[in-house]
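All values reported here derive from a predicted model rather than from experimental measurement.
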Amino acid sequence: MAPPSVLTPRALDFPRWYQEVVAKAELAEGGPVRGTMVIRPYGYAIWERIQAELDHRIKALGAKNAYFPLLIPESFLRREAEHVEGFSPELAVVTHGGGKALEEPVVIRPTSETIINASFARWIQSHRDLPLMVNQWANVVRWELRPRLFLRTTEFLWHEAHTAHASAEEAAALARRVVRQVYQDLCEEILGIPVLVGRKTQRERFAGASATWTCEAMMGDGKALQMATSHELGQNFAKVFDITFSDESGERRLVWQTSWGASTRLMGALVMAHGDDAGLRLPPPVAPVQVVVLVARAGEGVAEAAHQLTQDLERAGVRAQLDDRPEPSFGRRVVDWELKGVPLRVELGPRDLAEGRAVVVRRDQAGKASLPLGQLASEVPALLDQVHQGLRAAAAEHLAGRTRRVEDLAGVLAAAREGFAAVPLDALGDEGETALNAEGVTVRLVRRPDGQLPADEDPPAALEAVCARAY
RNA sequence: CGGGGAGUGGCGCAGCGGUAGCGCACCUGCUUUGGGUGCAGGAGGUCGGGGGUUCAAAUCCCCCCUCCCCGACCA
């Protein structure tokens with residue numbers, strides 16, 4: 001029984017496969033304005049789980065949620081030279097309101113550093129007000145020329161956290177801690193996607209930052225995707241927004257800041273990192289439906305048994321859904337649930353029922369198993385964990401298998417056709433980076449060869465650059 | 001903004017002078033149901049907009065609009 005081809009195989013045309021999965025799994029579709037996105041209920045349910053996990057980690061670090069306006073005075077953006085320069089090409093500017101031309105145009109936030117820092121300047125007076133850590137869940141708009149659902153859309157959803165500290169060391173330490181404790185942890189433990197962590201090169205860093213930290217993951221086609229970033233802003237914004245505090249000795253000083261964010265792009269990562277030719281494969285922690293109980297064929301007592309089983313699973317704390325619809329055929333329903341990435345499928349028909357068993361199929365591997373009905377509810381949580389570990393292991397193997405250590409530019413270019421290339425930083429240099437960029441390859445991050453984050457005092461000879469084609 | 005394409009039912013496409021069709025999806029009925037069942041019937045389109053040529057334009061010509069693909073930035 002070869003699975004019917006419902007999708008373009010990944011090997012044939014990966015981008016097309018991606019679009020088809022997003023559409024057929026009912027994750028999202030394009031909005032009426034180019035670059036905008038409608039996130040459908042099934043897709044949004046996944047996002048809500050990611051959101052909850054992120055929110056939890058952000059708060060654990062000490063940040064509190066707040067909300068700042070969508071509309072920002074254009075003059076705010078202008079205050080930080082590098083910041084405006086970085087964002088001006090992708091700004092959406094509102095020139096009219098209330099039927100009249102506005103005296104000062106307002107921009108729709110591309111990020112909220114400026115408007116949040118305007119508040120910080122008022123809120124921070126004393127060293128006792130520090131550290132100040134604020135997070136917001138919001139939509140932002142960056143006019144995109146080449147949009148792709150979830151990966152690059154004109155409007156997207158994200159969280160952005162902004163912090164202010166009394167010392168450079170404290171801010172720097174936080175920016176690094178965030179990469180590991182918030183983002184890497186989320187990606188690996190919840191999304192099941194292994195990531196590399198490191199620092200962005202000067203040309204890849206955020207507009208207005210003194211350093212940018214990143215988590216990079218490898219997608220199914222070997223290309224890199226930036227999962228989240230954390231920025232050390234130094235005193236750049238503090239200077240232009242005059243964010244000062246009186247320290248213990250009464251001296252007036254500028255704060256040191258960070259900002260960090262992760263977006264709905266993570267949804268795209270989920271699709272591209274775990275998906276296979278049958279569709280989405282969702283890690284159980286974010287799957288809206290963890291187990292679907294499928295009536296394979298109607299028969300005496302089957303519907304009742306399936307219903308009971310679903311209830312038992314729910315009582316065991318599993319997100320279970322019963323599919324006893326008579327209408328689409330069994331095969332069709334199977335294909336649909338596979339497309340949607342449901343981690344576990346339980347099939348129940350008269351034959352199984354007669355034996356007091358049910359067929360269990362894991363989405364992360366081929367093959368079926370049969371389990372006694374009475375044991376299912378207690379076994380499923382462990383099975384879900386196995387699916388999660390299975391997906392993680394497959395993604396980790398893929399990353400390891402397509403990452404090569406190389407010694408020079410030619411080696412980078414060769415390796416980047418398949419995946420990631422780790423090259424000694426001093427073998428690359430700024431000219432090397434330019435040469436790579438001309439070939440469509442970018443430096444994703446700089447790190448220590450053992451995978452640790454680089455320290456400020458590390459000489460280039462002690463570091464490596466990980467290069468790849470990227471989304 | 002430079003180069004290349006395309007606009008025809010919800011989606012994907014064919015038709016390229018004689019007044020609109022196919023696949024998928026949708027609706028109804030029967031038949032099926034353990035890996036996208038099969039059959040029959042049905043609904044749905046001022047063929048992107050405007051102008052022109054012609055007895056006759058989705059089709060040919062002109063203008064406009066929009067969208068998509070490839071080259072410079074970004075979560």
Side-chain angles (χ1 to χ4, degrees), chain A residues 1-8 15-16 19-20 23-24 29-30 32-35 37 50 54 83 85-91 109-112 138-148 150-161 183 200 203-207 209 212-217 225-231 259-269 278-279 294-299 302 324-339 345-355 357-359 361 366-368 370 437-438 440 442 470-471:
Chain A
M1 308 171 214
S5 79
V6 60
L7 295 168
T8 299
R16 185 169 171 185
Q19 287 185 302
E20 289 176 357
K24 294 192 174 185
E29 60 193 28
V33 172
R34 178 183 160 78
M37 170 169 63
I50 296 175
L54 264 174
H83 196 61
E85 196 191 331
F87 281 110
S88 58
E90 41 189 332
L91 286 182
R109 61 180 165 222
T111 178
S112 303
N139 56 341
V140 288
V141 167
R142 301 178 185 177
W143 216 260
E144 285 295 344
L145 305 176
R146 296 182 46 50
R148 310 246 272 130
F150 291 121
L151 302 176
R152 202 189 295 115
T153 48
T154 286
E155 178 189 7
F156 57 88
L157 307 183
W158 76 346
H159 90 87
E160 49 177 321
Y183 299 132
K200 285 291 186 188
R203 78 178 67 186
E204 298 285 339
R205 79 184 183 205
F206 176 71
T212 288
W213 302 90
T214 183
C215 286
E216 301 279 330
L225 183 71
Q226 180 172 300
M227 305 289 279
T229 51
S230 169
H231 315 290
S259 71
W260 21 290
S263 73
T264 36
R265 171 179 277 183
L266 291 172
M267 296 284 298
L294 209 52
V295 171
R297 182 181 195 147
V302 173
D324 58 354
R325 294 171 296 167
E327 211 21 53
S329 70
F330 173 71
R332 175 57 182 260
R333 279 143 63 217
V334 165
V335 168
D336 282 344
W337 289 115
E338 281 178 343
L339 262 170
R345 185 169 79 243
V346 175
E347 302 174 358
L348 191 62
R351 282 206 312 256
D352 309 296
L353 193 57
E355 299 168 11
R357 305 174 77 85
V359 171
V361 187
K368 303 183 174 187
S370 176
N437 291 1
T442 50
Y471 281 98

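B:C65 and B:G51 have their C1' atoms separated by 14 Å, given to the nearest Å. Spacing of C1' atoms, B:C64 relative to B:G15, comes out at 25 Å, to the nearest Å. For the P atom pair drawn from B:C62 and B:C68, the interatomic distance equals 25 Å after rounding to whole Å. For the P atom pair drawn from B:U59 and B:C74, the interatomic distance equals 45 Å after rounding to whole Å.
Here A:Glu144 lies in heavy-atom contact (under 4.0 Å) with a base. No contact: A:Thr154 has no heavy atom under 4.0 Å from any strand. Contact annotation for A:Gly261: no contact, since no heavy-atom pair falls under 4.0 Å across all strands. Note on A:Leu266: nothing from the nucleic acid sits closer than 4.0 angstrom, heavy atoms only. Among the protein residues, A:Val140 comes within range of no part of the nucleic acid, since none of its heavy atoms lies under 4.0 Å from any strand.
Partner assigned to B:C67 is B:G5, using Watson-Crick or G-U wobble distances below 3.5 angstrom. Nucleotide B:G35: unpaired (no Watson-Crick or G-U wobble partner with both distances less than 3.5 Å).
Between A:Pro147 and A:Phe156, the residue anchored closer to the 5' end of RNA chain B is A:Pro147, taking for each the nucleotide with the nearest heavy atom.
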Protein and nucleotides 2-12 of chain B: nitrogen or oxygen contacts under 3.5 angstrom:
none

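Under the 30°/60° scheme for interplanar angles, the aromatic rings of A:Phe206 and A:His231 are found to lie parallel.
In this structure, the nucleotide among B:G35, B:C74, B:A75 sitting nearest to the side chain of A:Glu90 is B:C74. The nucleotide whose nearest atom lies closest to any side-chain atom of A:Pro350 is, among B:A75, B:G35, B:G34, B:G34. Side-chain atoms of A:Ala296 lie closest to B:G34 of the nucleotides B:G35, B:A75, B:G34.
Evaluation of atom-type donor-acceptor distances gives no pair under 3.5 Å for the side chain of A:Arg333 against the base of B:G34. You'll find a donor-acceptor pair under 3.5 Å spanning the side chain of A:Lys368 and the base of B:G35, going by distance alone.
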Using a cut-off of 4.0 Å between protein heavy atoms and nucleotide atoms, how would you tag nucleotides 22-28 of chain B 5' to 3' with B, S and -?
---S---
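With A:Arg142 contributing its side chain and A:Pro110 its backbone, the two residues share a donor-acceptor pair below 3.5 Å.
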